[in-house]
Amino acid sequence: MVWAESVPRVWRERAKKYRLLGGKCPACGSVVYPHRQVCPYCGSEGLQLVELPRKGRVISYTVIRHPPSDFVGKEPYVVAIVELEGGARVLAQLTDVKPEEVREGMEVEAVFRRYREQSPDGIIEYGIKFRPAH
Amino acid sequence: MKFSMNVGIAGYGAYVPIYRIRAAEVARVWGSGEEEPVREKSVPGLDEDSLTMAYEAAREALEMSGVERSEVGAVLVGSESPPYAVKPSATVIAEALGLTPRVVAIDMEFACKAGTTAMILAAGLVASGAIKHGLAIGTDNAQARPGDELEYTAGAGAAAYLVSGDGDRLLAVLEYAYSYVTDTPDFWRREGERYPRHAYRFTGAPAYFNHIVGAAKGLMEEAGLKPSDFDYVVFHQPNVKFPLRAAQMLGFKPEQVKPGLLSGEIGNTYAAASLIGLARVLDAAKPNQRILVVSFGSGAGSDAISLVTTENVGKKKSSLERLLSRKVYVDYGLYAKMKGILRVA
Ligand SMILES: [Zn+2]
């Protein structure tokens, strides 16, 4: 896969990538990430914008050993589904950890890191990752 | 300088990456007949830079203060290693902290001194009544030419201070500040050059010691204070020896210096160095103690700042001790990859 350089995409997504802004359903109380208009659990509208807790645990994960071209040089790295306190689930990279050290149930906390450089003279994309909480 | 109203620190944060390289490992590759200037230094991970470290320290400072985001009027980022040559780090940090758009945001550069100058300017904005609270940050991922003696010490870290005029929130009051600068060509990096150069004959007496001593003495004379009036003193720390020698020259005892002296464990974190030292001291300080902080930046200048702690100090601590104890050692090969000395594609 070759990543298409897109500055407008990065700009549009910055709030969602930089901050754990989720939605809380007024009807069923579910918390989802990222924020959206319609609750995926009950179909209600008008989800409230909430800043999510920064701590959670790894629900499942996969080790990327053959990354897409824009992540070459970063392998091996881990992509995980993290369940935050309160229940919202976030798909994100883990950092400051070796793949063989990752476990399901591992406690993690959010950090702000570099995700990719679009090219040596292109923009740098930043966003939320998770590291072990110990 | 004395600020016209009560201004001080309502929260602080420090950040040091998890990775370390031992000076002995650098010496293994490049050889050295001399004693190493530090035991080990911090190394940023592949996905870290001065901006991400600044964010972590600033988030901690903001959380410790309990200040509402909408009331933070300034984000001043002092660094000599921003990820972009042109495009501010301050806007990304402000956006990620949820402080945009109504905020004064600026990147500042003065080698290792920009962090303390950010603190003085934030205090000025607060004391003038222009803003209620401001964030002052020092952050660096220091670069050194492979094999250069600076490579033993060029570290990575950040510290951030929430400067405030809200008396009930303050955990330390900024008493006095004194800046001392001259045109001294001890260290520089030209546009487009990857690594800095330095003039050895200038790194000691005319640069570091002249400015540190000048600023510290200037502050003490203006404020009517003497070394024994301070419980702690934190100097810029390019290695372990220089701050101890500066203390001796000024009449401070090693016990006043050592609590805030971290260069032996994390190296020289440049614009963050004296401010991480101050965070260490604030984590240990008791109410009504006096602290002197003196930065040094090549080019050259020093800021001396004296602070007095309040009853609020120690109620909350930074995560610094935890970050200092969490260490993963890397060898020179992995270090070279992390520092971008080895490049892929
Ligand atoms: Zn629902």
Side-chain angles (χ1 to χ4, degrees), chain A residues 2-3 7 10-21 49-55 67-79 92-98 100-101 109-134, chain B residues 13 15-20 42-60 62-63 68-69 82-89 91-101 139 141 158 192 319 322-323 325-328 330 334 336-338 340 342-345:
Chain A
V2 176
W3 190 265
V7 174
V10 175
W11 178 73
R12 271 196 315 275
E13 293 176 348
R14 69 195 191 285
K16 167 170 98 179
K17 292 274 172 67
Y18 289 2
R19 298 170 64 190
L20 285 168
L21 293 175
L49 189 70
V50 288
E51 184 117 25
L52 301 173
R54 300 182 68 83
K55 291 197 168 166
S69 57
D70 46 323
F71 286 104
V72 166
K74 308 289 192 289
E75 72 274 20
Y77 60 90
V78 181
V79 174
Q93 277 189 32
L94 302 187
T95 189
D96 289 355
V97 67
K98 290 182 183 143
E100 60 269 26
E101 294 166 351
E109 61 189 359
V111 290
F112 188 69
R113 296 291 172 96
R114 290 164 80 113
Y115 253 94
R116 64 158 80 76
E117 292 174 56
Q118 293 196 346
S119 59
D121 63 350
I123 61 167
I124 304 164
E125 298 181 34
Y126 292 91
I128 297 280
K129 295 186 184 180
F130 289 86
R131 72 172 174 196
H134 57 263
Chain B
Y15 183 81
V16 179
I18 194 172
Y19 301 105
R20 301 283 186 282
S42 54
V43 181
L46 278 172
D47 57 0
E48 295 188 283
D49 58 27
S50 61
L51 188 161
T52 63
M53 295 190 294
Y55 166 85
E56 298 296 339
R59 188 176 52 76
E60 185 168 77
L62 188 58
E63 276 174 15
E68 285 292 320
R69 287 172 220 218
Y84 290 91
V86 178
K87 185 180 181 299
S89 295
T91 53
V92 181
I93 294 162
E95 190 87 46
L97 290 170
L99 306 177
T100 50
T139 184
N141 170 19
S319 59
R322 181 185 147 216
L323 294 172
S325 64
R326 256 180 18 154
K327 296 192 276 192
V328 173
V330 296
L334 199 51
K337 182 179 173 185
M338 287 169 165
L342 272 179
R343 293 190 176 189
V344 187

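Computation of the quantities below employed the complete heavy-atom set of this structure, encompassing side-chain atoms and omitting hydrogens, waters and symmetry-equivalent molecules. The sequence lines fix the lettering, A, B, ..., with proteins before strands; numbering per chain opens at 1.
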*Asks:* With sequence neighbours left out, write down each residue that passes side chain to side chain donor-acceptor pair (under 3.5 Å) with A:Glu101, or none if nothing qualifies.
*Replies:*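 Expected list: none.
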
*Asks:* Among all residues two or more places apart in sequence or in another chain, which pass the side chain to side chain contact (heavy atoms under 4.5 Å, CB included) test with B:Tyr84?
*Replies:*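 Here the qualifying residues are A:Ile123, A:Ile124, B:Lys87.
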
*Asks:* Which heavy atom of B:Glu95 sits nearest a heavy atom of A:Arg19, and at what distance?
*Replies:*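 Closest pair (atom of B:Glu95, atom of A:Arg19, distance): O-CD, 3.6 Å.
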
*Asks:* Is the shortest distance from a Lys or Arg side-chain nitrogen in A:Glu51 or B:Arg59 to a carboxylate oxygen in the other one below 4.0 Å?
*Replies:*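 No, no charged N to carboxylate O under 4.0 Å.
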
*Asks:* Taking the side chain as every heavy atom from C-beta outward, state whether B:Arg326 and A:Pro132 have any pair of such atoms under 4.5 Å apart.
*Replies:*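 With C-beta onward as the side chain, the pair stays apart.
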
*Asks:* Quick check: closest heavy atoms across B:Glu63 and A:Arg54, and the distance to 0.1 Å?
*Replies:*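 So the minimum-distance heavy-atom pair works out to OE2-CD, 4.4 Å.
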
*Asks:* Quick check on A:Lys129 against chain B: is it the side chain, the backbone, both or neither that has a heavy atom closer than 4.5 Å?
*Replies:*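 It is the side chain, since no backbone atom gets that close.
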
*Asks:* What do you reckon, is CD of B:Glu68 surrounded by more than 12 foreign heavy atoms closer than 6.0 Å?
*Replies:*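 No, CD of B:Glu68 has 12 or fewer neighbouring heavy atoms, counting only those of other groups under 6.0 Å.
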
*Asks:* Do A:Asp96 and B:Tyr19 come close enough that some side-chain heavy atom pair is under 4.5 Å?
*Replies:*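 Yes; the side chains approach each other to less than 4.5 Å.
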
*Asks:* Find out whether B:Tyr15 and A:Val111 are in side-chain contact, i.e. whether some heavy atom of one side chain is under 4.5 Å from a heavy atom of the other.
*Replies:*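 No, side chains not in contact.
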
*Asks:* Measure the OG1-CZ distance between B:Thr100 and A:Arg14 for me, rounded to the nearest 0.5 Å.
*Replies:*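 The CZ atom of A:Arg14 is 7.0 Å from OG1 of B:Thr100, to the nearest 0.5 Å.
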
*Asks:* For chain A, which candidate among B:Asp47, B:Leu46, B:Leu97 shows the most heavy-atom pairs at distances under 4.5 Å?
*Replies:*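 So the answer, after comparing B:Asp47, B:Leu46, B:Leu97, is B:Asp47.
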
*Asks:* Do B:Ile93 and A:Phe112 make a side-chain contact, defined as non-hydrogen atoms from C-beta onward lying under 4.5 Å apart?
*Replies:*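 No; the side chains remain at least 4.5 Å from each other.
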
*Asks:* Sort B:Val328 into side chain, backbone, both or neither according to what part of it lies under 4.5 angstrom from a heavy atom of chain A.
*Replies:*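 Neither part.
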
*Asks:* Can you tell me which of A:Lys74, A:Lys17, A:Arg131 forms the most heavy-atom pairs within a distance under 4.5 Å of chain B?
*Replies:*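 Top option by heavy-atom pairs under 4.5 Å: A:Arg131.
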
*Asks:* Inspect the surroundings of NZ in A:Lys55 and state if more than 12 heavy atoms from other residues, nucleotides or ligands are less than 6.0 Å away.
*Replies:*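 Counting other residues, nucleotides and ligands, NZ of A:Lys55 stays at 12 neighbours or fewer.
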
